Amino acid sequence: MIELPQGYYLTNFLELVDYVYEQYNDLLNKQETEFYLNFKSLTKEAQFLYVRMLTRKGLVFRESKLNYQEIKDIQSASKTLSKASLVELNPPLAAESLIPVFSKPEWISILKQLELDKETIVSIKKLSRGALDEMLIELDKEFDLYTLIDEPIILLSQFEAFETFKLLFFGNLNQDLTDFVLRDLGLYRFESYQIDRNSRLFSSREQIENYLNYYQVLEGLDEALQGDCKAIINFHQLLPQVEATDNTLMRRVQRVNISLARQLERLASLDQALSIYRENSLEPSRERQARILLKQNKVDRSLEICQQIINAPRSESELIFAQEFGFRAAKKHKIKWPQPDGYKPPQETISIPQTEDNVEISARQYFSQYGECFYIENGLFLSVFGLHYWPLFFAPIKGAFTNPFQFRPHDLYEDDFLKKRQDIYQKLSLTVDNMQDNIENYLNRISEKQGTSTPFVFWELLTKDLLEFAFEHIPGTHWKQIFDRIFLDIKANRSGFPDLILFPAEGGYELIEIKGPGDKLQKNQLRWMKYFAKHDIPHKVVNVEWQ
DNA sequence: GTAAAAAGCG
DNA sequence: TTCACACCCTCAG
DNA sequence: GAGGGTGTGTCTCGCTTTTTACGT
Ligand SMILES: [Mn+2]
């Protein structure tokens with residue numbers, strides 16, 4: 001087990017804020033700059049204490065609950081923090097903030113000071129935590145609960161400033177200081193790509209504000225989705241208006257907007273949903289419009305949307321939707337519409353005994369009688385794809401990598417991703433056909449990079465056995481064609497591969513999608529199969545029924 | 001009382 | 001904060 | 001049976017300590 005040095009968390013914190021200050025000091029506001037400079041001037045113990053609190057839940061702490069051996073004198077540490085305005089000591093607190101700091105049994109013993117009668121105490125003990133909280137809030141209205149507390153309370157201040165630092169460092173607010181720890185413990189592994197110190201993820205204060213605003217508003221999303229139509233529209237208006245120059249944030253905002261509109265549909269506010277979809281450029285905004293319009297009996301307008309999609313589809317999935325949905329709608333209303341070319345993959349049915357394992361495992365067992373069979377789903381093809389194009393994904397392109405905790409370049413899903421990496425893409429693609437020659441490289445890469453975070457390689461799946469079978473029996477042209485399709489739309493085509501791969505004793509291979517009773521082909525699975533058929537890649541659907 | 005969930009932590 | 005499945009409903013034939 | 005929708009696992013580490021839920 002790896003041991004971390006004492007104060008590891010402060011080292012991590014400083015690495016983060018120092019880097020951000022170096023890169024972004026011109027974009028920080030006054031509060032953030034002061035936060036940084038103040039913090040740097042603190043005593044070590046005060047710094048320890050601040051970061052400890054920052055990584056714990058909530059903003060309010062009892063001094064007695066902050067016990068750390070590296071903080072010898074907590075009172076002087078908290079006083080130092082207080083002078084620097086990084087905490088407040090015994091501040092006025094609303095009941096909502098004070099209540100969570102004590103556990104249920106603790107509150108009961110605190111309330112004993114009020115000399116309540118026995119029955120009241122018994123009834124309080126029966127309350128759930130949530131009900132107790134409500135009761136205490138009510139009680140606080142008559143009697144200030146704070147006066148019953150006789151121990152020092154510390155309120156963490158200026159944590160918002162650190163939010164900005166985290167955002168600037170990671171580019172999101174999903175990652176935090178634990179990434180450092182997990183990496184240093186050897187639990188996470190990141191590729192050691194070259195970090196581009198010369199480009200920044202954020203280029204203006206306005207952009208930063210938009211992000212911060214987005215994340216802040218996002219906290220209310222669940223509540224809005226559970227609310228009524230009004231709550232949802234309100235929420236929609238709270239989201240930042242993002243300029244088209246900021247693709248990343250625009251996508252995030254639009255994704256939220258789609259979930260809002262989807263909920264409006266459920267609440268039968270179709271017109272409001274429509275208007276949100278109309279100003280949205282992500283999928284499935286046009287699909288939803290077509291569906292809503294048909295539902296409203298506006299057949300012509302629905303078909304118009306379908307036609308717009310067909311003229312300029314944003315993806316294969318959207319195109320297929322428009323062709324099929326348009327066809328069905330048109331047929332029903334006796335309008336002319338080209339018949340889509342449906343594809344029916346080869347099917348067969350097997351009958352096997354039901355076990356505790358899931359249906360894919362049972363089916364794999366069954367097919368083992370014909371040869372070697374592996375349960376791979378997306379793992380095999382994506383993994384080899386990731387291994388082969390490894391240098392492409394981690395290439396030091398401008399702005400692609402700005403911190404050590406990325407599992408992919410920032411621009412992986414941008415339209416110009418490949419264009420920016422043309423040379424390396426061309427070069428690596430030349431060798432896709434000779435898989436036999438690649439095996440050694442792959443095995444080397446596996447042993448060298450084992451466990452490194454990437455969106456493509458499923459390390460635990462890649463046994464030598466599987467790879468040897470795969471490279472012996474799957475022709476180079478098939479690999480090439482599969483990789484080509486993944487590149488066409490990395491996000492959409494990274495899933496939908498069949499469950500099993502069978503290498504029959506007599507040679508060759510076959511991809512097998514298992515369908516248990518009641519399950520059916522997903523759209524993305526069908527799209528892959530259509531492509532397999534076009535390129536003579538052997539595949540079939542096997543329906544399982546229980547013996 | 002015990003079991004499950006949440007928080008803390010390296 | 002994904003992807004694949006499980007399970008439900010409706011509707012047309 | 002096809003098409004469509006919703007709900008549900010998994011808690012991207014694994015361990016220890018604290019807190020809550022509940023009467024099997
Ligand atoms: Mn399946």
Side-chain angles (χ1 to χ4, degrees), chain A residues 1-12 51-58 61-62 65-70 100-108 125-133 172-190 218 221-222 225 252 255-256 259 262-263 265-266 284 287-288 290-292 294-295 320-321 324-325 327-329 331-332 342 344 358-360 375 377-379 382 405 407 451-455 458-460 491-499 513-526 528 543-544:
Chain A
M1 196 65 207
I2 297 169
E3 291 239 336
L4 299 181
Q6 190 179 56
Y8 68 91
Y9 56 92
L10 178 57
T11 315
N12 298 338
V51 179
R52 283 289 193 188
M53 289 194 286
L54 206 52
T55 51
R56 279 175 60 163
K57 200 186 170 191
F61 300 90
R62 290 145 70 186
K65 291 283 179 182
L66 297 167
N67 301 308
Y68 298 100
Q69 51 149 69
E70 73 275 16
V101 178
F102 295 88
S103 71
K104 208 171 126 187
E106 282 169 334
W107 272 117
I108 288 165
K125 278 185 184 167
K126 281 188 190 148
L127 294 175
S128 70
R129 179 71 221 210
L132 175 75
D133 291 357
N172 61 63
L173 284 181
N174 309 320
Q175 290 176 282
D176 57 28
L177 289 170
T178 59
D179 281 59
F180 286 81
V181 179
L182 295 176
R183 176 198 57 182
D184 295 340
L185 287 172
L187 296 168
Y188 284 176
R189 196 175 161 194
F190 295 93
L218 201 61
L221 176 61
D222 279 349
L225 285 176
R252 290 182 199 179
R255 212 171 43 215
V256 175
S259 64
R262 204 68 192 69
Q263 183 59 20
E265 284 188 66
R266 289 183 197 106
E287 172 179 335
R288 297 313 311 172
R291 289 186 189 281
I292 292 176
L294 186 69
K295 208 174 190 178
I320 292 176
F321 161 79
E324 294 183 341
F325 183 87
F327 176 71
R328 284 194 306 271
K331 191 176 157 196
K332 199 171 155 190
K344 286 235 185 302
N358 55 22
V359 62
E360 292 85 358
Y375 180 19
E377 237 172 34
N378 303 320
L382 273 192
F405 301 98
F407 63 101
T452 302
S453 306
T454 123
F458 296 50
W459 300 102
E460 62 298 342
K491 207 169 202 165
N493 296 343
R494 52 170 292 128
S495 61
F497 289 93
D499 297 314
E513 170 57 32
I514 301 300
K515 285 298 163 207
D519 191 13
K520 50 198 167 185
L521 271 188
Q522 316 281 118
K523 294 234 164 119
N524 56 352
Q525 294 174 327
L526 189 60
W528 265 114
N543 298 300
V544 170

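It should be emphasised that the depicted structure is a prediction, and the values quoted were computed from it without experimental measurement. These numbers come from the heavy atoms of this one structure, side chains and all, not from hydrogens, waters or symmetry mates. Below, chains carry the letters A, B, ... as their sequence lines are ordered, and counting in each starts from 1.
- Distances from the side chain of A/Lys104 to the nucleotides D/dG4, D/dA21, C/dA4 place D/dA21 closest.
- Under 4.0 angstrom from either OP1 or OP2 of D/dC13 there lies no side-chain N or O belonging to A/Arg183.
- Look at A/Asp133 and A/Arg129 and you find a salt bridge, because one of the NZ, NE, NH1 or NH2 atoms lies within 4.0 Å of a carboxylate O, short of that distance.
- When atom types are taken as modelled, the side chain of A/Asp222 and the backbone of A/Leu225 share no donor-acceptor pair closer than 3.5 angstrom.
- D/dA2 atom P lies 14 Å from atom NZ of A/Lys331, rounded to whole Å.
- Among the heavy atoms of the strands, none lies under 4.0 Å from A/Asn358.
- Contact annotation for A/Arg189: no contact, since no heavy-atom pair falls under 4.0 Å across all strands.
- Whole-Å rounding puts the A/Leu526 CG to D/dA2 C1' distance at 13 Å.
- Among the protein residues, A/Gly496 comes within range of the sugar-phosphate backbone only, with heavy atoms under 4.0 Å from sugar or phosphate atoms but none that close to a base.
- Residue contacts shown for A/Phe321 are absent, as no nucleic acid heavy atom lies under 4.0 Å away.
- For the pair A/Ile514 CD1 and C/dC5 P, the computed distance is 10 Å after rounding to whole Å.
- Residue A/Asn172 is out of contact with every strand shown, counting any heavy-atom pair closer than 4.0 Å.
- When ring centroids are compared, A/Phe180 and A/Tyr9 stay outside the 6.0 Å threshold.
- Salt bridge present: A/Arg52 and A/Glu70 bring a charged side-chain N and a carboxylate O closer than 4.0 Å.
- A/Asn524 and A/Ser495 share a side-chain donor-acceptor pair at under 3.5 Å.
- Looking only at atom types and distance, the side chain of A/Gln525 has no donor-acceptor partner in the side chain of A/Lys520 under 3.5 Å away.
- What separates NZ of A/Lys523 from P of C/dC5 is a distance of 16 Å, to the nearest Å.
- What separates CD of A/Glu324 from C1' of D/dA2 is a distance of 11 Å, to the nearest Å.
- When each of A/Gly516 and A/Lys491 is assigned the nucleotide of DNA chain C bearing its nearest heavy atom, the one mapping closer to the 5' terminus is A/Lys491.
- In this entry the distance linking CG of A/Leu185 with P of B/dG8 reads 18 Å, nearest Å.
- The nucleotide whose nearest atom lies closest to any side-chain atom of A/Asp499 is, among D/dA21, D/dC13, C/dC5, C/dC5.
- Between the CG atom of A/Asp133 and the P atom of D/dT19 there is a distance of 14 Å, given to the nearest Å.
- Within the nucleic acid shown, A/Arg255 comes within 4.0 Å of sugar-phosphate atoms alone, with no base atom in reach, counting heavy atoms only.
- Taking 4.0 Å as the cut-off between side-chain N and carboxylate O, A/Glu106 and A/Arg62 count as a salt-bridged pair.
- The partner of D/dT10 cannot be assigned: no Watson-Crick or G-U wobble pair with both contacts below 3.5 Å exists in any strand.
- Per the geometry, CG belonging to A/Leu173 stands 15 Å off C1' belonging to C/dT1, to the nearest Å.
- Residue contacts for A/Glu360: at a heavy-atom cut-off of 4.0 Å it reaches the sugar-phosphate backbone alone, with no base atom in range.
- Residue contacts shown for A/Lys515 are limited to sugar-phosphate atoms, with no base heavy atom under 4.0 Å away.
- Backbone-only contact: A/Tyr68 has heavy atoms under 4.0 Å from sugar-phosphate atoms and none from a base.
- Nucleic acid contact for A/Tyr9: none, since no nucleic acid atom lies under 4.0 Å from a heavy atom of the residue.
- At a threshold of 4.0 angstrom between heavy atoms, the contacts of A/Leu4 are confined to the sugar-phosphate backbone, with no base atom among them.
- Two residues, A/Asn174 and A/Gln522, neighbour DNA chain C, and the one matched to the more 5' nucleotide by heavy-atom proximity is A/Asn174.
- Across all strands, A/Ser128 comes closer than 4.0 Å only to sugar-phosphate atoms, never to a base (heavy-atom distances).
- Looking at heavy-atom distances under 4.0 Å, A/Gln525 makes contact with sugar-phosphate atoms alone, never a base.
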